[in-house]
Amino acid sequence: MTDHAVRRRRRALYLFFFLNGIAMSSWITRTPDVRDRLGVSTGQMGLVLFGLSVGSMAGILCSGRFVSRFGTRPVTALGTLFVTASVVVVGAGSALASALLVAAGLCLFGLGVGAGEVAINVDGADVERITGTAVLPTLHGCFSLGTVIGGLAGMAATAAAFPAHWHLLAVAAVTAALFGYAIGGVPAGTGVRAAVPASDSARPAGPRVWKDRRLLMIGAIVLAMALAEGAANDWLPLLMVDGHGLDAAVGSLVFVGFAAAMTLGRFGGAFFLRRYSRATVVRASAVSGAVGLCLVIFSDNAVVAAAAVLFWGLGASLGFPVALSAAGDSGPDETARVGLVATIGYLAFLVGPPTLGFLGDHYGLRPAMVVVLVFVAAAVLVAPAAGTRTSRHREADAAVPAELAVERPGQHAGG
């Protein structure tokens with residue numbers, strides 16, 4: 001690819017992450033309003049969110065096979081169209097006070113995100129390979145930036161008592177426009193496996209990936225950090241409203257603070273990855289997330305809890321993208337490796353939060369977050385699986401002509 005094509009491709013990926021962030025935060029910031037409109041309890045809201053789980057499971061389970069067969073571009077396009085349509089359906093469900101329709105919209109959202117974002121991450125890992133620089137943290141930073149902007153708009157709409165369905169319809173129009181501009185920058189064919197006889201060499205690749213111990217440990221990191229992010233995305237406004245006594249507008253503001261911390265961590269991630277190993281960055285992120293969660297869960301001071309959300313956001317910011325980069329470097333068949341780890345991450349991101357809703361209905365949302373805290377604390381222990389390789393090493397590799405490149409000892413085994 002030419003430099004211009006690579007830059008255009010990177011901008012397109014930025015926009016896809018950005019529009020998904022806007023769509024996600026627009027729903028999240030209106031969660032208290034939608035819940036009140038539906039007249040459901042926390043546990044019943046967990047059932048509504050289960051639609052998100054069903055859709056995400058279907059999207060994730062299909063995405064790897066579709067990317068391998070058709071490439072990332074059509075899967076990204078279809079996933080984004082589902083996300084855009086889902087915002088309209090959720091808005092309609094809110095307007096009609098139909099929990100079933102809201103659940104259907106969230107199912108469509110999960111289907112789009114589950115399929116589309118796995119494909120986008122495979123594309124992002126390919127851009128890292130081409131450019132020799134860390135791209136995934138910035139791409140995920142664009143998602144977080146989208147959540148900040150969408151969250152601010154949602155907070156303003158909540159404060160102004162603007163109907164949620166009209167707000168979500170406007171968001172759908174914005175995401176559709178961004179999609180129309182971005183899709184042209186994504187090349188066809190990325191992620192398609194070479195045509196080989198459907199016998200010996202094609203089938204064993206998947207099982208070998210599943211048996212890679214280091215890759216599974218990287219998946220454990222992603223699971224923990226994605227759960228930390230997903231729990232905040234789905235429950236933070238309600239956690240601050242029900243668990244700390246804040247009103248809905250302030251609860252939305254706290255979520256915006258979380259999203260801003262995520263954005264800062266992801267855009268600043270490349271700076272730290274140039275100076276420290278991936279394992280060090282992941283470990284520091286997990287410690288920050290654990291500290292923030294502890295204060296949110298156990299502090300009875302609403303101001304302290306709201307401030308601690310910033311540590312939670314910084315901690316959750318880099319685990320997912322850094323682990324995806326590590327997965328791409330962990331061995332052959334980059335598409336399968338990134339796809340596997342991304343699948344684990346999105347399962348946690350989309351399936352975990354509804355489970356927290358059921359726990360929250362029985363024990364309260366604050367105690368339910370102890371589950372997230374345990375997973376994040378465990379990520380501190382498995383952080384060495386992320387390896388020691390940094391973007392500086394990538395740049396050095398990119399500068400070596402392919403015909404002269406020699407694999408360094410431990411390049412795959414140790415990162």
Side-chain angles (χ1 to χ4, degrees), residues 22-58 82-113 147 150-151 153-172 175 230-256 349-366 368-369:
I22 287 179
M24 174 75 83
S25 63
S26 297
W27 144 249
I28 293 165
T29 53
R30 303 313 298 264
T31 301
D33 293 325
V34 172
R35 181 191 64 175
D36 293 344
R37 177 75 177 167
L38 298 179
V40 296
S41 67
T42 300
Q44 290 170 328
M45 196 66 182
L47 284 173
V48 172
L49 287 171
F50 190 67
L52 192 66
S53 302
V54 172
S56 65
M57 285 288 289
F82 282 164
V83 167
T84 301
S86 73
V87 177
V88 177
V89 176
V90 171
S94 176
L96 299 173
S98 170
L100 185 61
L101 195 56
V102 171
L106 291 177
C107 180
L108 193 60
F109 184 89
L111 185 64
V113 170
T147 63
M155 183 183 67
T158 299
F162 189 71
H165 54 280
W166 291 118
H167 170 209
L168 294 176
L169 185 63
V171 169
T175 57
N233 282 345
D234 275 356
W235 292 112
L236 188 54
L238 283 175
L239 176 63
M240 301 309 296
V241 171
D242 294 349
H244 290 283
L246 302 180
D247 63 39
V250 178
S252 295
L253 179 61
V254 172
F255 170 74
V256 171
F349 188 72
L350 296 169
V351 176
T355 304
L356 295 175
F358 292 109
L359 292 174
D361 200 35
H362 289 87
Y363 305 105
L365 281 175
R366 284 170 62 181
M369 293 297 155

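Values in this document were obtained by computation on a predicted structure and should not be read as measured data. Residue numbers count from 1 along this sequence.
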For Leu38 and Val102: C-alpha separation, side-chain torsions, deciding distance, then whether side-chain contact (heavy atoms from CB on, under 4.5 Å) applies.
CA-CA 9 Å; Leu38 298 179; Val102 171; 4.2 Å; yes
Can you tell me if [X] uses its side chain to pair, donor with acceptor, with the backbone of [Y] under 3.5 Å?
| X | Y | value |
| --- | --- | --- |
| Ser94 | Gly91 | no |
| Ser86 | Leu108 | no |
| Arg37 | Ala95 | yes |

Nearest atoms (heavy-atom pairs only) where [X] meets [Y]:
| X | Y | result |
| --- | --- | --- |
| Trp27 | Leu168 | N-CD2, 4.2 Å |
| Arg30 | Phe162 | NH2-O, 2.6 Å |
| Gly112 | Phe82 | CA-CB, 3.7 Å |
| Val83 | Ala23 | CG1-CB, 3.7 Å |
| Leu96 | Leu101 | CD1-CD2, 4.0 Å |
| Met369 | Ala231 | SD-CB, 4.1 Å |

In sequence, state the C-alpha distance, the side-chain angles, and the governing distance for Val254 and Leu246, and then conclude on side-chain contact (heavy atoms from CB on, under 4.5 Å).
CA-CA 10 Å; Val254 172; Leu246 302 180; 4.1 Å; yes
side-chain contact (heavy atoms from CB on, under 4.5 Å) between Met155 and Leu253, worked out:
CA-CA 6 Å; Met155 183 183 67; Leu253 179 61; 3.4 Å; yes
Given Phe109 and Val90, is the side-chain contact (heavy atoms from CB on, under 4.5 Å) satisfied, shown in steps?
CA-CA 9 Å; Phe109 184 89; Val90 171; 5.9 Å; no
What is the distance from atom CH2 of Trp235 to atom OG1 of Thr31, rounded to the nearest 0.5 Å?
8.0 Å
